[in-house]
*Asks:* 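The structure follows.
In this chain, residues are counted from 1 in sequence order.
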Amino acid sequence: QVQLVESGGGLVQAGGSLTLSCAASGRTSSTTAMGWFRQAAGKERAFVAAISGTGRSTFYADSVKGRFTISRDNAKKTMYLQMNSLQPEDTAVYYCATGNIISRRPSDYAYWGQGTQVTVSS
């Protein structure tokens, strides 16, 4: 079993920044891929960014490319999402997940955190 706990969400004005963290515990491995997803009210869970086990490979949803940066510190078993130039449409619950392959599909991720709310005011 793997446990994931997100933190760092909150309320921010448009144009502001936040950094989310995802701390992993349990049967974790530095070789597993990790990802961030988000779910806005009334919408399906959507891919945000993903990172390989080594951290060398990353990819992003088009909507966040150039504004968000995903990273990980395997020694600390923690993944991060630096979010800049936030806009009201970024408002959502943000979830971290871990799985065997780096993927945009939620179904490829076996373990999920409980989520952290990000609210961007206009």
*Asks:* Just by modelled atom types, is the Gly53 backbone N or O under 3.5 Å from a matching donor or acceptor in the Asn74 side chain?
*Replies:* yes
*Asks:* Should the ring pair Trp112 and Tyr95 be called parallel, tilted or perpendicular, given that the plane angle runs from 0 to 90° and is split at 30 and 60?
*Replies:* perpendicular
*Asks:* Please find the pair of heavy atoms, one from Arg27 and one from Val2, that lie closest to each other, and give the distance.
*Replies:* O-CG2, 3.2 Å
*Asks:* Between Val12 and Val64, is there shared hydrophobic-cluster membership here, with clusters defined by ILVMFWY side-chain heavy atoms closer than 4.5 Å?
*Replies:* yes
*Asks:* Quick one: closest heavy-atom pair of Thr91 and Ala40, and the distance?
*Replies:* O-CB, 3.7 Å
*Asks:* Once you round to the nearest 0.5 Å, how far does CZ of Arg72 lie from OG1 of Thr32?
*Replies:* 5.5 Å
*Asks:* Rounded to the nearest 0.5 Å, what's the gap from CG on Asp108 to CD1 on Ile101? Could you check?
*Replies:* 4.0 Å
*Asks:* Are Thr69 and Tyr60 close enough that some pair of their side-chain heavy atoms sits under 4.5 Å apart?
*Replies:* yes
*Asks:* Ring centroid separation for Phe47 and Tyr109, is it under 6.0 angstrom?
*Replies:* no
*Asks:* Is there a chain of hydrophobic side chains (I, L, V, M, F, W, Y, each step under 4.5 Å between heavy atoms) that links Tyr80 to Val48?
*Replies:* no
*Asks:* With sequence neighbours excluded, give me every salt bridge (Lys or Arg N to Asp or Glu O under 4.0 Å) pair touching residues 80-90.
*Replies:* Arg38-Asp90, Arg67-Asp90
*Asks:* Using a 3.5 Å distance criterion without hydrogens, assess whether the side chain of Thr98 forms a donor-acceptor pair with backbone atoms of Ala33.
*Replies:* yes
*Asks:* Determine whether Leu81 and Leu86 fall in the same hydrophobic cluster, where Ile, Leu, Val, Met, Phe, Trp and Tyr are linked whenever their side-chain heavy atoms lie under 4.5 Å apart.
*Replies:* yes
*Asks:* Do Gln82 and Thr19 have a side chain donor and acceptor closer than 3.5 Å?
*Replies:* yes
*Asks:* For Arg104 and Ala50, indicate whether the former's side chain and the latter's backbone hold a donor-acceptor pair under 3.5 Å.
*Replies:* no
*Asks:* Looking at Phe59 and Ser103, what are the two nearest heavy atoms and their distance?
*Replies:* CZ-C, 3.7 Å
*Asks:* Determine whether Met34 and Val118 fall in the same hydrophobic cluster, where Ile, Leu, Val, Met, Phe, Trp and Tyr are linked whenever their side-chain heavy atoms lie under 4.5 Å apart.
*Replies:* yes
*Asks:* Under the criterion side chain to side chain contact (heavy atoms under 4.5 Å, CB included), which of Gln39, Gln117, Glu6, Met83 is the partner of Tyr94?
*Replies:* Met83
*Asks:* For the CD1 atom of Ile70 and the OG atom of Ser52, what is their distance to the nearest 0.5 Å?
*Replies:* 9.5 Å
*Asks:* Linking I/L/V/M/F/W/Y whenever their side-chain heavy atoms sit closer than 4.5 Å, directly or via other members, would Leu20 and Phe37 fall into one cluster?
*Replies:* no
*Asks:* Flag the pair Trp36 / Phe68 as yes when their ring centroid distance falls below 6.0 Å, and as no otherwise.
*Replies:* no
*Asks:* Provide the closest heavy-atom pair for Ser85 versus Ser17 in the form atom of the first, atom of the second, distance.
*Replies:* N-OG, 4.3 Å
